Amino acid sequence: MGQALLRVHGLAKGFRSGSEQIPVLADLALTLNQGESMALMGRSGSGKSTLLNLLCGLEHPDAGVIDIDGQHFDGSQAHDRRAQSRCWADLRRQRIGVVFQDANLMPAMSLLDNVRLRARLAGQDDLGCLAWLERLGIGALADRFPDQVSGGQRQRAALAMVFAMQPALILADEPTGSLDRHTADDVADELFRLQAEHGCALILATHDAELAARCGQRLDLAHLSCSAAPSPSSMSSTSPAPADRSQ
Amino acid sequence: MTLFAALFSHYRRHPLQLLALAIMIVVATMLWTGVSHLTHQARASFGQSEQAVAERRQVVRSDGQSVAVADFVTLRRAGVCVMPWLEVQRPDAQGRVVGVDGLAASCFAGAGEAAQAWNQPLNGKPFLDIRDAAALTTGPDDRSAELTLLVAEQVTEAALPEGYRLSRFSLGPDTGELGESFLLNLDALGVLVLLITALLLRSVYQLGLAQRRDSFALLHRFGVPPVSVNRLLVLEMALLAGLCVIPGVALGRLLAGLLGSGFGQALDNLFDAPLYAGQEASWLSSVLTMMAVVMVVCLIDLIRPVSRAPVMLLAGQRQSLALAALLLGLALAMVASSLVPVFIAVALVFVGAGLLAPILMSGLAQRLARAAPDPLKRWHFAEFGVLARRLALPLVALQFALAMVLAVQALVTVFEATFDEWLSQRLAADFFVEVPAGADSGPGVDWLAAQPVLAASGDWQRVVRGEAELMMADAASHSETGPGQRVDLLAVAPVGRLLTQWRLQAAADQPWQAFARGEGIMINEQLARRQELAVGETLNLTVADETLSLPVLAIYPDYGRPAGEVLLNAGLLPAAFQPGFESLSINPGDLDMATVVSGLQRVWQVETVTVRNNERIRELADTVFDQTFLLTRAMTVLTLILAAAALLIMGWVFFSTRVWYYRLLAVWGLRDREVAGQMVRLAVSLTIGIAVLALPLGIWLTWVLVHRINPLAFGWSLPMAVYPEFWVELIGLSLLIGLSIAALMRRQLQQPATIPASAGSLSGGDR
Ligand SMILES: Nc1ncnc2c1ncn2[C@@H]1O[C@H](COP(=O)(O)OP(=O)(O)OP(=O)(O)O)[C@@H](O)[C@H]1O
Ligand SMILES: [Mg+2]
């Protein structure tokens, strides 16, 4: 039995829409030990991505406490947000690897350079980077650019990036969401294999029950969530082109 | 129509993109209108300044009394075309102003320019309406006010009523080709601004297309042929242009007015249409020009798909083509012997430089990226390369604008200095006294020479103008003994400080001493160029019935004088010489000018002598030229501001497609301040990079204007000067533009972003 890497309680988060506050997460608690994995389930708009963002400090909770990797964050302490942001940034840099559904790589750099950049930022030696790509079966593509490889190969490269940083925790937001069944299974296999090998913890947001079943714990946000039926905006929130963001 | 709705729905979902597009069209239109409006104003102001110094004729009373309003009435009743010209000293040493009557000038119509110059707004710099000038006088017998009645060129002495005669009225010599040259340069810069405008519009159009490729792809999948999509796009662009061009024109005029004159005047210019003629015409021409440019920008894209294969060149081919254009242009500019090839050379160099600049920047970035050991530096360079390629058009527009500003600054400063020298050469003495017709200058000269106070504290010289004939001494090259070349003759004596302060372009040892001893002559630049004469060559000069054989001691600049001129010591003039015009230039020093005038009147035994006050002329001329240069500078500032604004808008739109990737840096643990630092570094290196590339282009453009176009068009050259402090200012300005872009980027980073649908270039995933 590992020691608790992550302990969360009383976590709450809502978003302001016009004048009203729309709650997304309320009084959420979870515990994850080193090397363990957890699946976040729930329908679209239930707050999976929001929770992952909270767990890596990209968003600030309205309330609640997060203890992670020996650091303590109190959501009610809004006054030292600045200091908290810096702590979170350092954690993300060295301890927490994040994988999104797609677009995890800088488009202007080769796959290998992407892995190197991520490893360097985490304070790791970049000599082993090619080896990571090889372990994920895309060593031959190391010098290709993200737009020159398939979606599955891009996700493999993204996995190479997070593992190259030797993280304590991996947060994966539907990492296979944009892949076909077969490729998705391959990528998921790699993810679980490497996670087990390296003993890092994993939180995986997914709609896929099969994938969720492979995780040690499951947290269904649909049961906890206080949000109503998904609004049109949440339906589309994972798919629109980034140009849409300009509005 | 449903197809149109489908196309337009993109903008319903992304109103800010439509706004950016509209703003860019407005900005580009504003630029073109503003600049052409300023050029127009500069031209008008120049016309006025030329009028101020041009020689004309006036009507004076035969009894020597000064003219008054009653004389004006008498003359007009007699059907003589006269225009009142009232010079007034403004209180508190604010300088002199000239009141002119534009209405009275209308009978000058046959005289062309003379009347047109007063058809422009009179803003007190230094011209104003005669009513306002009259209001400045203290009364009918205000000594500081001076009324002159100018008369049209075609009026003869016989047409005048009893008691009046014609007389020369001159505030100073004609600017001649110096003015023409300035206007030609102004026109050349106008063309450049149109090019910059076209680049900005083109970047808008491409931006619009790039953002909607996915919608087009969808329509295509639904079976809509690309041709009808294109047709609708043109229609849409025409609609948008129609909506944006008119406010753009209005804003451009307002801005030009603001820069060129006071705010009040700007509003007048905008709304008070009857103020000056041609107002509606210039509105219409601005609108039509811009519509045409917009349509051409669109149509080029429509024609392209048909001939895609030949147009689409490989990157390497394009690079060598651009390089070839650049080198060809540079070479052509050096060797061309007429104006048209020089203009073609300028076009080639700009095309080459414009194509090469982004390639150069991204190529360099790629090389640096490969060499950088630190992956973050590598990312920086790689990203820089993407930005340089994606923002190529607005970047090149900014590069051109910077180069143009640089050239204009150098040119205007050079012109300013040249006008200054030109004025001081011609207006060296404080006063000119005309030797009255029929009188001999001799007694006057003797009288001046006998004044000890003048000798101790002042300067004077006798100036004689006439004609001479020139023959080369070494007859070898001119063996066919035809009639020699007619040249203007300028004879001066005694040789004093009024003369020796002239700037010389080339000179022998101690030229003025030799000249004073009568051991040589000097020639103007025009003559030296035309006859390929150098210092030290001996010329045979036939003056009246004598032939003088003298060496060339020096070559003096004489901007804008189309004729060749020889400067001779007046002591060498043969007795038979008939002067065309003779005057005495006098700096009275401690002597009172009134004493000088009465002394001369006594020895010449005349009641009045014509005295020209050069100080006064200088003051007026300086004011008008200053106004012209101010307008020209305003034009360049406008170009720069709007090019910067365009880059800002484009940078912002492009950045909004890429914000997810910049956010990745934060996800990977860079602190907010570090991410912001990366943004600043990217944006600033982009704008500074383009500014550095603009420097050689600007210096080259200055060189071409000064050393190629001007001599080819007019036969004389301006001095070339560079102003490194101004370069520093421009680089500073580029830094500012970069910082503003970074600030905009940072704002966007603070808003939430979602994952791009794909890593393709549609969603900002370019590399
Ligand atoms: N920045 C934001 N501003 C306002 N509302 C937001 C914001 N981010 C998320 N929301 C809302 O919060 C709710 C939860 O969103 P979240 O993205 O966490 O859902 P999700 O479970 O990840 O959904 P999906 O399965 O579609 O990815 C949604 O209703 C969404 O509209
Ligand atoms: Mg989500």
Side-chain angles (χ1 to χ4, degrees), chain A residues 15 49 53 56-59 82 85-86 88-98 100-110 113-122 126 129 145-149 151 154 161 165 171 173-174 177-178 236-247, chain B residues 10 13-17 20 210-212 214 365-366 369-370 373-376 378-387 652-653 655-675 748 751-767:
Chain A
F15 288 104
S49 300
N53 282 342
C56 66
L58 289 173
E59 307 238 26
R82 268 251 174 92
S85 283
R86 280 200 294 274
W88 274 120
D90 291 345
L91 276 176
R92 285 197 304 271
R93 194 165 177 144
Q94 307 204 324
R95 308 291 291 161
I96 307 175
V98 183
F100 300 103
Q101 182 175 331
D102 197 356
N104 290 291
L105 294 90
M106 290 294 181
M109 292 202 297
S110 69
D113 279 342
N114 267 288
V115 181
R116 280 194 183 130
L117 173 56
R118 192 65 193 91
R120 255 316 169 82
L121 288 176
D126 58 12
C129 290
F145 287 86
D147 63 343
Q148 295 173 322
V149 300
R154 271 201 296 279
M161 285 169 76
M165 64 174 281
L171 303 178
D173 194 348
E174 303 183 47
S178 61
S236 62
S237 69
T238 58
S239 60
D244 296 13
R245 297 298 95 208
S246 61
Q247 37 197 303
Chain B
H10 173 86
R13 275 181 294 129
H14 311 296
L16 271 188
Q17 284 179 18
Q211 287 168 338
R212 298 160 72 187
D214 37 355
Q366 265 164 3
R370 267 196 297 274
D374 174 20
L376 198 58
R378 206 172 267 211
W379 171 83
H380 170 86
F381 288 124
E383 199 59 33
F384 177 87
V386 174
L387 287 173
W652 171 66
V653 172
F655 183 74
S656 69
T657 68
R658 217 162 164 85
V659 63
W660 169 268
Y661 295 102
Y662 296 140
R663 181 85 53 94
L664 272 188
L665 288 178
V667 174
W668 295 351
L670 259 63
R671 294 178 178 184
D672 288 350
R673 192 167 324 145
E674 291 173 305
V675 176
Q748 282 201 39
Q751 280 145 32
T754 32
I755 302 186
S758 74
S761 60
L762 304 182
S763 13
D766 330 41
R767 61 180 174 86

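What you see below is based on every heavy atom in this structure, not just the backbone, and it leaves out hydrogens, waters and symmetry mates. Here the structure is a predicted model, which is why all the values come from computation and not from measurement. Letters A, B, ... mirror the listed sequences (proteins, then strands); counts begin at 1.
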Asker: Just verifying a value: how many Å separate D102(A) CG and W660(B) CH2, rounded to the nearest 0.5 Å?
Answerer: 9.5 Å
Asker: Can you tell me how far the CG atom of L665(B) sits from the CZ atom of R93(A), to the nearest 0.5 Å?
Answerer: 10.0 Å
Asker: Can you name the nearest heavy-atom pair linking A108(A) to A382(B), along with the distance?
Answerer: O-CB, 3.5 Å
Asker: Go through the atoms of R120(A) and report whether side chain, backbone, both or neither lie under 4.5 Å from a heavy atom of chain B.
Answerer: side chain
Asker: Which atom names give the shortest non-hydrogen contact between D126(A) and P375(B), and what distance separates them?
Answerer: OD2-CG, 4.3 Å
Asker: Among N53(A), L121(A), L91(A), single out the residue with the greatest number of heavy-atom pairs under 4.5 Å to chain B.
Answerer: L121(A)
Asker: With sequence neighbours left out, what residues match D90(A) under side-chain hydrogen bond (donor to acceptor under 3.5 Å, both in side chains)?
Answerer: R671(B)
Asker: Which residue in the set L58(A), N104(A), I96(A) passes side-chain contact (heavy atoms from CB on, under 4.5 Å) when paired with V667(B)?
Answerer: L58(A)
Asker: Between E674(B) and chain A, which part of the residue has a heavy atom less than 4.5 Å away: side chain, backbone, both or neither?
Answerer: side chain
Asker: For R116(A), give me all partners under side-chain hydrogen bond (donor to acceptor under 3.5 Å, both in side chains), at least two apart in sequence or on another chain.
Answerer: D113(A)
Asker: To the nearest 0.5 Å, what is the distance between OG (S110(A)) and CZ (R378(B))?
Answerer: 7.5 Å
Asker: Working to the nearest 0.5 angstrom, can you tell me the gap between Y662(B) OH and M106(A) CE?
Answerer: 8.5 Å
Asker: Is it the backbone or the side chain of M161(A) that comes under 4.5 Å from a heavy atom of chain B, or both, or neither?
Answerer: side chain
